[in-house]
Every structure is written in C-alpha cells, then in structure tokens.
Novice: 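Before anything else, here's the structure in question.
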Amino acid sequence: DEIHGVAPIQEETQDFVRAKLLELQQVIFDTPLDRKRAYLEAWNDPESRFYVTSFRFHIQFLRAERFDVILAAKRLLLCCEKRVQFFGRQTLRRPLCLSDLSAEEQRTLKGGAFQVLSERDRSGRLVVIDTSLCGPKLYTSLFAYVSTSNLMVTALVLVVVVVVILTSIRVLCTSSS
C-alpha cells in the first residue's frame with residue numbers, strides 16, 4: 001500500500017481509536033516503573049490525573065506515531081519526564097503555555113529561527129522552516145554571504161537567485177492566465 005514512502009492515512013473510527021487507547025493504556029501499565037515516574041506522580045495527583053489520562057493528551061501521541069501504541073507510549077512517558085524536568089510538575093496538569101517559558105526562551109521562540117510544522121510531508125518527514133531569513137534579513141544575509149564568498153560560489157548563488165526569481169515570475173504568469 002505504501003507508494004514512494006507515503007503511508008496510507010489511517011481512518012479514525014470510534015472503535016479503532018477506542019481500541020488503540022486501551023492498547024496504549026496497557027502498554028503504559030506494562031512499562032517498568034523507572035521509565036514512568038513522572039506519569040505515575042501525575043496519576044497520583046488528582047489535578048494532574050485528569051489531564052494526563054485525558055483523551056486529548058493520549059490521542060496526540062497516538063497520532064504522532066501513526067497509532068503505533070508502543071512508540072506512542074514511549075513518546076508520552078518521555079514527554080511527561082521532560083515536562084517535569086524543564087517546566088515543573090504543575091505542567092502535567094494542563095497543556096504547556098507560553099508563560100511556562102522564561103523571558104529569554106520566549107524571546108528565542110518569538111525570534112522564529114526555526115518552525116516545525118504540525119503536519120508532515122507526503123513521505124512522513126517533519127517539515128522544518130528556517131524563518132530567520134524572511135523579509136529584509138533575506139537580502140542582508142544573501143548579500144553578506146555573496147560578498148564574503150569566493151567568486152565561484154558567488155556566481156552559483158546568483159544563478160540560483162535568478163532561477164528562483166524566473167520560476168516565481170513564470171508561476172505568477174501561468175496562474176494569472
């Protein structure tokens with residue numbers, strides 16, 4: 001069924017999802033205690049238990065791993081451990097918020113150097129966008145790169161820029177007719 005690395009989309013019927021959620025709970029139950037300490041602490045805290053056992057919390061890990069319950073359980077338990085490690089136990093009571101980040105972390109995030117899209121490409125790979133070169137920075141960075149590079153690399157960069165511009169013009173002309 002897989003063509004060119006593109007896995008078929010899993011239909012999420014109620015019965016299918018319910019079965020996968022039960023399997024996920026069983027895998028978590030069967031996981032050794034030392035690999036699920038944060039999850040167990042959340043389970044024992046009434047405020048946290050509601051969140052970490054919720055449908056919304058579990059389904060995101062199942063979807064991220066294309067309903068492979070073993071991988072989803074590993075991801076979920078590691079997420080709990082890392083959230084406690086980096087943001088504190090209170091973050092197992094609710095989704096992470098921007099306010100959970102320090103001022104420096106918020107500045108870095110808002111700087112937008114990299115953005116990981118929520119969807120994957122057709123081959124299932126993560127899509128990461130470098131937005132640090134958007135807008136005026138693109139021209140500044142390109143100029144700095146071209147002016148400090150050797151002549152051959154400069155020529156190559158200019159050819160690529162011209163090809164991109166010409167392709168953009170052709171796409172605009174084709175779509176407007």
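Fair warning: this is a prediction, and the values are worked out from it, not measured in the lab.
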Novice: Looking at Ser99 and Gln106, what are the two nearest heavy atoms and their distance?
Specialist: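 Scanning both residues completely, I find the closest heavy atoms to be CA-NE2, 4.0 Å.
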
Novice: Should Val52 and Phe50 be regarded as members of a common hydrophobic cluster, given that ILVMFWY residues are connected when their side-chain heavy atoms come within less than 4.5 Å of each other, either directly or indirectly?
Specialist: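 No.
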
Novice: Under the ring-ring contact (aromatic ring centres under 6.0 Å, His included) test, which residues partner Phe57, sequence neighbours left out?
Specialist: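 If we apply the ring-ring contact (aromatic ring centres under 6.0 Å, His included) test to Phe57, skipping adjacent residues, the hits are Tyr51, Phe61.
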
Novice: With sequence neighbours left out, what residues match Arg89 under salt bridge (charged side-chain N to carboxylate O under 4.0 Å, His left out)?
Specialist: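 Checked Arg89 against salt bridge (charged side-chain N to carboxylate O under 4.0 Å, His left out); matches are Glu41.
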
Novice: May I have the list of side-chain donor-acceptor pairs in residues 78-88 shorter than 3.5 Å, sequence neighbours left out?
Specialist:
unit_1	atom_1	unit_2	atom_2	d
Glu81	OE2	Arg37	N	3.2
Glu81	OE2	Ala38	N	2.9
Lys82	NZ	Gln85	OE1	3.2
Arg83	NE	Thr91	O	3.4
Arg83	NH2	Thr91	O	2.5
Arg83	NH2	Arg94	O	2.6

Novice: With sequence neighbours excluded, give me every ring-ring contact (aromatic ring centres under 6.0 Å, His included) pair touching residues 9-44.
Specialist: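 Listed by first then second residue: Phe16-Phe67.
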
Novice: Taking the side chain as C-beta and beyond, is there a heavy-atom pair between Arg93 and Asp45 under 4.5 Å?
Specialist: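 The answer is yes; the side chains approach within 4.5 Å.
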
Novice: Find the distance between CG (Leu101) and CG (Leu96) and round it off to the nearest 0.5 Å.
Specialist: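 So the gap between those two atoms works out to 7.5 Å.
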
Novice: Going only through I, L, V, M, F, W and Y residues with side-chain contacts under 4.5 Å, is there a path from Phe55 to Leu24?
Specialist: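 Yes, because Phe55 and Leu24 connect within a single hydrophobic cluster, where side-chain heavy atoms sit under 4.5 Å apart.
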
Novice: Taking Thr31 for its side chain and Val27 for its backbone only, find out whether a donor-acceptor pair lies under 3.5 Å.
Specialist: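 Here the side-chain-to-backbone pair exists.
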
Novice: Of all the heavy-atom pairs spanning Ala42 and Leu92, show the shortest one and how long it is.
Specialist: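 Heavy atoms only, the tightest pair is CB-CD1, 3.8 Å.
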
Novice: Under the 3.5 angstrom rule, does the side chain of Glu65 hit a backbone N or O of Ile70 as a donor-acceptor pair?
Specialist: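 Flag not set: sc Glu65 to bb Ile70 has no pair under 3.5 Å.
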
Novice: Can you list, by chain and residue number, the hydrophobic cluster partners of Leu22 when the side-chain cut-off is 4.5 Å?
Specialist: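 Other cluster members: none.
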
Novice: Which pair of non-hydrogen atoms, one from Lys36 and one from Leu77, has the smallest distance, and what is that distance?
Specialist: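 In this case the closest contact between Lys36 and Leu77 is CB-CD2, 3.7 Å.
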
Novice: Heavy atoms only: give me the nearest Arg49-Asn44 pair and the separation to one decimal.
Specialist: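 Between these two residues, the closest heavy atoms are NH2-CA, 4.3 Å.
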
Novice: Looking at Lys20 and Glu12, does any basic side-chain N land under 4.0 Å from a carboxylate oxygen?
Specialist: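 Salt bridge flag = no for Glu12 with Lys20.
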
Novice: Could you go step by step and tell me if Gln25 and Ile28 meet the side chain to side chain contact (heavy atoms under 4.5 Å, CB included) rule?
Specialist: CA-CA 5 Å; Gln25 290 171 354; Ile28 292 170; 5.7 Å; no

Novice: Are Leu71 and Val69 connected in the hydrophobic side-chain network, where two residues link if heavy atoms are under 4.5 Å apart?
Specialist: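 Different hydrophobic clusters.
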
Novice: Under the side-chain contact (heavy atoms from CB on, under 4.5 Å) rule, collect the residues that match up with Pro46, sequence neighbours excluded.
Specialist: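 With neighbours one apart ignored, the set is empty.
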
